[in-house]
Amino acid sequence: MDLDPCSLLKASLEGDDSGTSILSIDRSSKKFEFIVKNQIFEVLESGVDLQEFLLKKINHSDYSTELIYKTNGTILETSFGKFQFPEGPKNKEYTKFFIKDITTKQRQEEEIAWRLRFELGVASSIQILIQQNSIREGLPHALHQLLYFTEMDSIFFLKYELEVENEKFKIWANERKTTKYPLIPKECENENWYDLGLGRWVHKLKKGKTIYLAPNIALPREQWFFKETKAETLLLIPVQFEDKFLGIMGFIKYKKNSPIQQENLLIYQTVSRWMGLFVQRDLDLTELNRYKSTLESLVLERTVALTKTKEELERAYKAKTEFLAHMSHELRTPLNSIIGFSKLIQLPEADETGKEYLNYIYTGGTRLLNMINEILNLMKIESGQIKIQITTFRPEDLCRQSLELIQPQANAKKMEIRFRPPKESKSVTSDFGKIQQILLNLLSNAIKYTNHPYIELDCEWNVDSLEISVRDFGPGISIGDQNRIFHTFTRLNDDGNIEGTGLGLTISLGLAIRLGGTLELQSQLGQGSVFKLKLPKILK
Ligand code: ADP
């Protein structure tokens, strides 16, 4: 059987999924000719000027893989393959040359790259929104970012506002790829969409439906919107949180006949769902801030009211103090006369009853005068009118002088006062008279309220703090009473036998504080008490 080698070779190339051919190339002239082509090759090469393409490649000895884009959109991949044929003529070279239709593969790759880009845009715009405190600040930037990565030319967000049965949309963001594209019409913000002929859209969107329109399928009353925006494709997606309608995400494309793919539509819907979250977060924050500022103004109001009440109370207190001080003054003058005259009145020796009455007048008057003096003293401390006279002296001198003054009272009770001066002789700068007043009160109490053979007076320095303690071994004061006795008019076990007003310790504590110090009590029932006066070395 006679076999045609060329047909045999051609037949052997069939069955491949790519177009295969064999070229013979003249080494010197660089001319080439096809020896054989399979059928797919012949189909694929139609419409392509392979002669020119191969001439260029062979002339440049460029045997690399290259793509050819055909006018009908097909993409061809061309490549060369080695073909050894040593028996051939010397100046000839043989090579395989393939063409392969890679349109689908190429499209898929482009699609993946595009989708990645799109998703990157979505991610970065969401990132911007997450980082912003208020959505209104970040929204234009975020939407611009998104727009850059998508097929869309314009993007907007309309916030739904319901004011007393009047529905409106506020334009929160409207971003365009370039400023040559129009913004969405102002009427969309100012007027009711039903009046604008766009009621159908609101109705659908509020029901959670997406609107995907082109001018040719829009209703006549909606045409004006397409004319003004020059939109060829309009995509409106409701923005919701749970079931609450919050606004509209809008996308516009200006290119004619360029539909939005289903997969992309899903991504736009996802973006809109995210928007729902952000808008709601913004609303919650605004509400929270509103509460916060209401609370703040409430607190402020309350503070103002309280300050006013406090001032009124202070005024009333001051008036009371002034009244008492004044009254005490007024009482002192006639009392002094009563006491003085009771001393001067000479009654006959025999008039025992008269003398007894006179003595009542005298002691009663003196007691009253003491009380008035103490009230006056207290009023001065409380109203801050007390005058301080600062001098420098040694505390042991002060103690000794006070001891001299109190001695008669101690003698009357046959009580000894044991004094321990400080180990170190240092001076104190303070009010001599006021410290003495405190000390006399403490000593007088220790004598009055105890029956032990002695009491103790200790004066010592604790670094730069002067501590003067009056210790007695009397009945002591219970924990519950320890605070109470510093309050005005508090007298424990007052059976009228011991003279006193219940003001001495209140005054002493007030004075100690005024001198920058403290007056502390340590006491145990049945053991006695220690009143410790602590003062700074120098009163500033
Ligand atoms: P007065 O001595 O004029 O009553 P004070 O304010 O000096 O007022 O004292 C208040 C009360 O505290 C006294 O009435 C007395 O009951 C109690 N008190 C004061 N010092 C002592 C003390 N050393 N021991 C026991 N009780 C005391």
Side-chain angles (χ1 to χ4, degrees), residues 313-314 317-318 320-321 324-325 328 370-390 395 398-399 402-403 405-406 409 428-450 455-462 464-472 474-494 498-525 528-540:
L313 278 174
E314 275 172 1
Y317 187 74
K318 206 164 162 233
K320 184 197 93 180
T321 312
L324 275 173
S328 310
N370 272 343
M371 184 179 250
I372 288 169
N373 279 339
E374 294 214 313
I375 291 178
L376 204 61
N377 224 321
L378 189 68
M379 292 301 120
K380 275 189 186 157
I381 294 174
E382 286 190 348
S383 61
Q385 285 170 0
I386 192 125
K387 286 200 178 64
I388 298 292
Q389 287 178 327
I390 299 184
L398 177 139
C399 289
S402 311
L403 283 176
L405 291 172
I406 205 77
Q409 197 183 328
V428 62
T429 301
S430 191
D431 188 318
F432 188 99
K434 302 288 182 298
I435 303 177
Q436 190 171 61
Q437 191 180 341
I438 301 171
L439 220 52
L440 287 176
N441 182 249
L442 298 179
L443 289 167
S444 153
N445 279 353
I447 298 167
K448 275 197 296 185
Y449 299 110
T450 70
I455 57 169
E456 289 175 354
L457 173 64
D458 281 0
C459 182
E460 56 188 338
W461 284 102
N462 186 355
D464 268 347
S465 164
L466 175 65
E467 296 183 355
I468 308 177
S469 315
V470 176
R471 180 188 298 269
D472 67 57
I477 299 155
S478 71
I479 304 273
D481 286 334
Q482 285 181 15
N483 255 331
R484 240 161 47 82
I485 55 166
F486 289 97
H487 295 163
T488 45
F489 303 108
T490 306
R491 306 207 67 209
L492 309 174
N493 319 314
D494 186 10
I498 303 174
E499 244 182 60
T501 56
L503 288 173
L505 285 176
T506 320
I507 292 170
S508 299
L509 178 64
L511 287 175
I513 292 169
R514 181 64 187 85
L515 296 178
T518 54
L519 178 58
E520 291 166 7
L521 165 62
Q522 273 182 352
S523 183
Q524 233 179 328
L525 277 180
S529 317
V530 184
F531 286 88
K532 189 179 273 185
L533 173 67
K534 288 185 183 173
L535 294 168
K537 186 171 188 291
I538 297 171
L539 172 61
K540 285 172 192 127

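These numbers come from the heavy atoms of this one structure, side chains and all, not from hydrogens, waters or symmetry mates. Residue numbers run from 1 in the order of the sequence given.
Across every non-hydrogen atom of Ile390 and Leu539, the tightest pair is CD1-O, 3.7 Å. Closest approach of Gly517 and Leu535 over heavy atoms only: CA-CD2, 4.2 Å. Listed here is the closest heavy atom pair of Gly476 and Leu525: O-CD2, 3.6 Å.
Here the side chains of Ile381 and Arg514 are not in contact, with every heavy-atom distance at 4.5 Å or above. Between Ile388 and Leu515 there is a side-chain heavy-atom pair separated by less than 4.5 Å. Proximity of Ile477 to Arg484: side-chain heavy atoms (C-beta onward) are nowhere separated by under 4.5 Å. Ile507 places none of its side-chain heavy atoms less than 4.5 Å from the side chain of Asn441. Between Trp461 and Val428, some side-chain heavy-atom pair lies under the 4.5 Å cut-off. In this structure, Thr501 and Phe489 have side chains that are not in contact, with every pair of non-hydrogen atoms separated by 4.5 Å or more. Counting heavy atoms from C-beta outward, Pro475 and Thr450 have side chains that approach closer than 4.5 Å. Between Ile468 and Ile435, the closest side-chain pair of non-hydrogen atoms falls below 4.5 Å.
In this structure a side-chain-to-backbone donor-acceptor pair under 3.5 Å is missing from Arg471 to Asp458. In terms of modelled atom types and a separation under 3.5 Å, the side chain of Ser523 and the main chain of Gly528 share a donor-acceptor contact.
Between the side chains of Ser465 and Asn462, no donor-acceptor pair is found at a separation under 3.5 Å.
Between Ser430 atom OG and Leu466 atom CG the span is 8.5 Å, to the nearest 0.5 Å. Distance check, rounded to the nearest 0.5 Å: CG of Leu398 to CG of Asp431 gives 10.0 Å. Distance CD/Gln409 to OG/Ser444: 4.0 Å, rounded to 0.5 Å. The structure places CG of Leu457 at 12.5 Å from CG of Asp472, a figure rounded to the nearest 0.5 Å. How far CG of Asn377 is from CD1 of Ile372: 13.0 Å, rounded to the nearest 0.5 Å. To the nearest 0.5 Å, atom OG of residue Ser402 and atom CG of residue Leu439 are 4.5 Å apart.
The 12-atom threshold is not exceeded at CD of Gln522, counting heavy atoms of other residues, nucleotides or ligands nearer than 6.0 Å. With a 6.0 Å radius and a threshold of 12 heavy atoms from other residues, nucleotides or ligands, Gln389 has its CD atom at or below the threshold. Dense packing is recorded around CG of Asn370, with more than 12 heavy atoms of other residues, nucleotides or ligands lying under 6.0 Å away.
Pairs of residues two or more places apart, or lying in two chains, that qualify as side-chain hydrogen bond (donor to acceptor under 3.5 Å, both in side chains) and include a residue from residues 531-540 are Glu520-Lys534.
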Evaluation steps, side chain to side chain contact (heavy atoms under 4.5 Å, CB included), between Leu521 and Leu505: CA-CA 11 Å; Leu521 165 62; Leu505 285 176; over 6 Å; no
task: Apply side chain to side chain contact (heavy atoms under 4.5 Å, CB included) to Leu492 and Tyr449, showing your working.
output: CA-CA 10 Å; Leu492 309 174; Tyr449 299 110; over 6 Å; no
